[in-house]
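These values consider heavy atoms only, across backbone and side chains, with no hydrogens, waters or symmetry-generated copies. All figures in this text were calculated on a predicted structure; none of them were measured in a lab.
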Amino acid sequence: MSRAQNYSDYLMLDELLKLQQPKSDAPEHDEMLFIVIHQVYELWFMQILHELDFLCARLEHGDIPRVLHTLGRVLKILKTLVGQIDILETLTPLEFLSFRDRLESASGFESFQFRELEFVLGAKRPSALEQFAAGSLGRDRLEARLQQPSVWQCFLRLMAASDYEIPARLMSPDPRLPTEESSEIQALLIEIYRSDAVLMPVCERLVDLDEGVQEWRYRHVQMVRRTIGTKRGTGGSSGAPYLQTTLFRPLFPDLWAIRTDL
């Protein structure tokens, strides 16, 4: 008779707690924090992707209560991601430099899960695939995500199912293209805000999601500036200067564009 599964077995703690392997000599005390924080980030990215896949399914089914609940959960996770930056910022520049060379070419640019998040949220760039070798897990997952509808496209389908006339070209766009502004969609969104008490809260929660991602990007840029200044990033990236170019790019531009006309 096999023994009952316990807490450690269920969470696979024996395996999990062996995954933190500092590369520096001694090793440097602060490298453990750096590893743990980024491993936790990847776990949260995995959970957000799990939630956004569920969100798209609920949008397709018109399940508004679960849509709002799921968006609320994602927002809480994003707040946690921002909070983790507070912990990472306890690393002084010199503490980070004590083990930075052990990262070699490793860089956050190689996080295929974060690229997946961008794709799911509509910030699609086929060129991002070039960072990952053909046949690798990251490349395969990004190629699949590139073909899938984004959260915004799923929301447009919900609008169509709610008797809003979505132009055919917007209902079936090239899934590989990023979300772009549409004056036709903006006119419908204004109508929703003025007279649709069911879909309007979904719109506002999507704005919250967009703002939450932008907040995380901003805090991430400031953390990089605080830690390495304008030095080049690991993996050959330009570091903070590149990250600054990603700021204030809305994921759902139509929801921001209508604010002036409401």
Side-chain angles (χ1 to χ4, degrees), residues 11 16-17 19-20 30-56 67-93 95-96 100 103 106-125 128 131 137-138 141-142 145 150-152 178-179 204-228 233-235 237 239-252 255-256:
L11 295 179
L16 179 64
L17 299 180
L19 299 178
Q20 298 72 42
D30 298 293
E31 188 178 2
M32 179 65 79
L33 174 66
F34 187 86
I35 291 172
V36 169
I37 287 276
H38 286 82
Q39 287 183 343
V40 172
Y41 266 130
E42 291 296 331
L43 290 173
W44 281 128
F45 292 160
M46 178 177 67
Q47 184 63 34
I48 294 176
L49 287 167
H50 180 66
E51 298 295 343
L52 292 180
D53 286 339
F54 182 73
L55 172 68
C56 284
V67 163
L68 294 173
H69 177 75
T70 304
L71 282 167
R73 178 178 291 173
V74 172
L75 292 171
K76 294 292 187 183
I77 297 172
L78 283 171
K79 289 294 185 184
T80 299
L81 295 184
V82 171
Q84 287 185 183
I85 293 176
D86 292 336
I87 304 171
L88 201 52
E89 285 184 340
T90 65
L91 277 175
T92 67
E95 287 170 342
F96 179 56
R100 187 188 187 206
L103 300 178
S107 167
F109 288 98
E110 298 169 325
S111 171
F112 62 80
Q113 287 201 119
F114 185 72
R115 297 301 177 202
E116 282 188 86
L117 278 175
E118 291 183 319
F119 284 11
V120 172
L121 293 171
K124 295 188 176 183
R125 292 183 301 108
Q131 301 171 16
L137 175 62
R141 286 176 56 162
L142 285 172
R145 291 287 183 187
S150 67
V151 167
W152 185 247
T179 302
E204 281 296 276
R205 199 59 63 86
L206 288 172
V207 173
D208 291 338
L209 173 60
D210 199 337
E211 191 171 4
V213 173
Q214 291 187 55
E215 179 186 7
W216 185 83
R217 286 188 184 279
Y218 173 76
R219 285 297 311 277
H220 185 227
V221 169
Q222 292 301 91
M223 180 272 295
V224 171
R225 290 182 62 201
R226 178 172 176 158
T227 306
I228 66 171
T234 53
S237 70
Y242 165 76
L243 293 172
Q244 287 175 322
T245 68
T246 68
L247 297 178
F248 310 117
R249 292 183 180 178
L251 297 165
F252 313 125
L255 286 172
W256 294 93

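In plain terms, the two heavy atoms of Glu89 and Arg219 that are nearest each other are OE1-NH2, 3.4 Å.
Interatomic distance, Leu68 CG to Leu55 CG, rounded to the nearest 0.5 Å: 9.5 Å. Distance NZ/Lys124 to OG/Ser150: 5.5 Å, rounded to 0.5 Å. In this structure, the separation between CG on Asp53 and CD on Glu116 is 8.5 Å, given to the nearest 0.5 Å. One finds the CZ atom of Arg141 at 4.5 Å from the CZ atom of Phe112 (value rounded to the nearest 0.5 Å). Distance CD/Glu211 to CD/Glu204: 10.0 Å, rounded to 0.5 Å.
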Test side-chain contact (heavy atoms from CB on, under 4.5 Å) on Ile85 and Ile37; report intermediate values, then the result. CA-CA 9 Å; Ile85 293 176; Ile37 287 276; over 6 Å; no
Show the numbers, then the answer: is there a side-chain contact (heavy atoms from CB on, under 4.5 Å) between Ile48 and Leu81? CA-CA 11 Å; Ile48 294 176; Leu81 295 184; 3.9 Å; yes
If you apply the rule side-chain contact (heavy atoms from CB on, under 4.5 Å), what do you find for Leu49 with Met46, and how did you get there? CA-CA 5 Å; Leu49 287 167; Met46 178 177 67; 5.7 Å; no
With side-chain contact (heavy atoms from CB on, under 4.5 Å) as the test, would you mind laying out the steps for Leu142 and Gln113 before giving the verdict? CA-CA 8 Å; Leu142 285 172; Gln113 287 201 119; over 6 Å; no
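For Phe34, the side-chain contact (heavy atoms from CB on, under 4.5 Å) partners are His38, Leu88, Leu91, Phe96, Phe99, Leu103, not counting sequence neighbours. Applying the salt bridge (charged side-chain N to carboxylate O under 4.0 Å, His left out) criterion to Glu31, with sequence neighbours excluded, gives no partner residue.
In this structure the side chain of Leu52 reaches within 4.5 angstrom of the side chain of Leu117, judged on heavy atoms. Between Val213 and Leu121, some side-chain heavy-atom pair lies under the 4.5 Å cut-off. Counting heavy atoms from C-beta outward, Val120 and Trp152 have side chains that stay 4.5 Å or more apart. Between Thr80 and Trp44, some side-chain heavy-atom pair lies under the 4.5 Å cut-off.
Of the possible polar contacts, none joining the Arg145 side chain to the Phe119 backbone as a donor-acceptor pair under 3.5 Å is found. Remark: the backbone N or O of Ala123 is not paired with any side-chain donor or acceptor of Glu118 at under 3.5 angstrom. No donor-acceptor distance shorter than 3.5 angstrom exists from the side chain of Thr227 to the backbone of Val224, with no hydrogens or angles considered. Looking at Gln39, its side chain does come within 3.5 Å of a backbone N or O of Leu19 through a donor-acceptor pair. Looking only at distances, a side-chain donor or acceptor of Asp210 sits under 3.5 Å from a matching main-chain atom of Leu251.
Residues Arg217 and Gln214 bring no donor and acceptor atom of their side chains to less than 3.5 Å of each other.
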Determine all donor-acceptor pairs shorter than 3.5 Å in which one atom belongs to a side chain in residues 69-76; sequence neighbours excluded.
{"residue": "Thr70", "atom": "OG1", "partner": "Arg66", "partner atom": "O", "Å": "2.7"}
{"residue": "Arg73", "atom": "NH1", "partner": "Glu51", "partner atom": "OE2", "Å": "3.0"}

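No more than 12 heavy-atom neighbours from other residues, nucleotides or ligands sit within 6.0 angstrom of OH on Tyr218. In the displayed structure, Arg226 atom CZ is contacted under 6.0 Å by at most 12 heavy atoms of other residues, nucleotides or ligands.
Taking the six-membered ring where the residue is Trp, Phe114 and Trp216 present tilted rings, their angle falling between 30° and 60°.
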